[in-house]
Every structure is written in C-alpha cells, then in structure tokens.
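Data block below; observations after.
In the text below, chain A, chain B and the rest are named by the order of the sequence lines, each starting its count at 1. Computed from a predicted model, the values in this text were never measured in an experiment.
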Amino acid sequence: MSSILKVDQLQDSGGNNLVTSNGSGVITSSAFGKVLQVVSATTGTEVAVTGNTFTDTTLTASITPISSSNKILVLVNQSYHLSRASSSYAYGGVRLLRDTTSIFNPNPEDSSGSYGLGFQVTGQTGSYINVGFVNYNYLDSPSSTNSLTYKTQIRAYTGTGIATAQRAGGGASTIILMEVLA
Amino acid sequence: MIIEAILKINPSAQCSVTGSDIDTCEIAWNEGTTPISKADIKAMMPVVEQELKDAEQTAIDKKASGKQKLKDLGLDDDEIKALIGA
C-alpha cells in the first residue's frame, strides 16, 4: 500500500519555512546548502622560483562573505612546472593562503622545502621540464564577514631546480571562490 | 629563461622572478642571496638559450646515432621501435 502527502510548504517547529514549492515542481529552500556567490580570477603571469621560499603566484581572488557562519569553497587549477638544472630530480610544493594565513599546505616538507610534487630520472641530468596542472579544493570556514583574499604560493626544494607557475606556453591558472551555506 | 640565467651565474641562488620580460620583471632575492644586476642576467640569457638548444640537438643526435648502431647490429625498424619506442 502506498500513500502520497501533498504540501506546498514545510516549516520547522518555530514556523520558519524550510522548503516551499510553487506547485509545479520548483522548490526553494532555506534549510539546505546553496551557493550564495561565486568569484573567479585567472592569471597568466609567469612566476619562477628557486629555493625554498614560498612565493606568490599572482593567482588571487577576494570575496566578502554574507554571513560569518557560511563557508568558502576554494577551487584551484594551478599551472605548475618543475625543471631541473644539474641534478637528476626536481621537487617543490604549493600552498593556499587566506590573507596571510596558510590554510592548505598538502605537500610533505622538511628544512629544505616541500617535496610532494616532483620527479626524478635516475642517472640523467639536464634541463628537463615537467609540464602540468595542480588541482585542489579546500572548504574554508573563515568565520568572518570581512573581505577575504585567497592566493596561492609555490616553492622549489632547495638545490633541485626551478618551480614555475604559469610558465610561458604552459597555460594560465584559475581560482574560484564559492560562498556556500553549509 | 631569466631564472635559468641567474642560476648559470650563481648556481646556488635562491630567488623568485615575477614576469617573463627581463626589463620589467620583479626579482626577489631570498636567503641572503647576493643580488645580480639585470644587465648581467640579460647578458647571460643568450648563452643559456644556446645551451638549451644545444642540449636538445644533442639529445636528437644521440637518439639517431643510437638507432643507427642498433641497425648496424642487425635489428630491423620494428625491433628497434619495440626497444626504444621510436
């Protein structure tokens, strides 16, 4: 035996609308997650780094949350190349910052830098280049309604070569910020 | 090419270069690295560029000579392709 419950609106015990239907299958909801605003930015400026100092890639975007309880979903598509000079390997890393705070730094590291990204060709040296994109997502809880600036940084592992963002001919990078009601 | 020229002058340099034009790029020198003038870097860039071209040509020549040596040993093209992929 089946049954059908027909309603136009669902409310919580306090009388607040949770879900409303227009009668034609189109519903609106204040109770479920939704995207409130989207900001994106792209850069093609080449930034090359040697050594283990994290350096701005020029990939940056700003957003002002509507509510401090909302979250910011950050989507990064980072053009990232590693090349080696005289060693047989090249390593490096990336990280994401909110203003001046590092909020996502996924690569393992030691005193010489990050080494989560890279390659090694045993027994060979030379100016080989690894071309590619590094993609990552991060759900941030900034607890703020101030303007927030998100940016990426890269660095190389000391003595192993060069990390380059947006290397000439290697494509641009994009960052997307989405304020979500989580 | 800019940062390659810097490393050609100082192989242990730690720096970052923002921009691909030597005249307008911004160079930050890190970890106590002694700055190198843009004029010196600019002078080194053609040298590095030529070295890269030479390295590419050397790789092409070595591949060709290696392939020829395999042919001289009696391998046919299919056997060579199976071995080295070209």
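- A continuous path of hydrophobic side-chain contacts links A/L10 to A/L5 [ILVMFWY only; heavy atoms under 4.5 Å].
- In the hydrophobic clustering of this structure, A/L139 groups with A/V35; members are Ile, Leu, Val, Met, Phe, Trp, Tyr whose side-chain heavy atoms approach within less than 4.5 Å, directly or through other members.
- Considering CG of B/N30 and CG of A/N52, their distance stands at 8.5 Å, rounded to 0.5 Å.
- Note: the hydrophobic cluster containing A/F54 does not contain A/Y138 (ILVMFWY, side chain heavy atoms under 4.5 Å, direct or indirect links).
- Distance check, rounded to the nearest 0.5 Å: CD1 of B/I6 to CD1 of A/I162 gives 9.0 Å.
- Neither the backbone nor the side chain of B/S12 comes within contact range of chain A; no heavy atoms are under 4.5 Å apart.
- Checked for salt-bridge contact, A/R167 and B/E4 meet the test: a charged N lies under 4.0 Å from a carboxylate O.
- By the rule that hydrophobic residues join a cluster once side-chain heavy atoms approach within less than 4.5 Å of another member, A/L97 and A/V94 end up as members of separate clusters.
- More than 12 heavy-atom neighbours from other residues, nucleotides or ligands sit within 6.0 angstrom of CD on A/Q9.
- At most 12 non-hydrogen atoms from other residues, nucleotides or ligands lie less than 6.0 angstrom from NZ of B/K42.
- Between B/C15 and A/T50, some side-chain heavy-atom pair lies under the 4.5 Å cut-off.
- Considering CD of A/E46 and CG of B/D21, their distance stands at 11.0 Å, rounded to 0.5 Å.
- There is no contact between A/T164 and chain B, counting heavy-atom distances below 4.5 Å.
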Please determine whether side chain to side chain contact (heavy atoms under 4.5 Å, CB included) holds for the pair B/T18 and A/T45, giving the CA-CA distance in whole Å, both sets of side-chain angles, and the decisive distance to 0.1 Å. CA-CA 7 Å; B/T18 301; A/T45 300; 4.0 Å; yes
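- Counting heavy-atom pairs under 4.5 Å between each of A/A168, A/G44, A/A156, A/A48 and chain B puts A/A48 at the top.
- Contact count versus chain A (heavy atoms, under 4.5 Å) is highest, among B/E51, B/Q14, B/M1, for B/Q14.
- A/I175 and A/L148 fall within the same hydrophobic cluster, where Ile, Leu, Val, Met, Phe, Trp and Tyr residues are linked whenever their side-chain heavy atoms come under 4.5 Å apart, directly or through other members.
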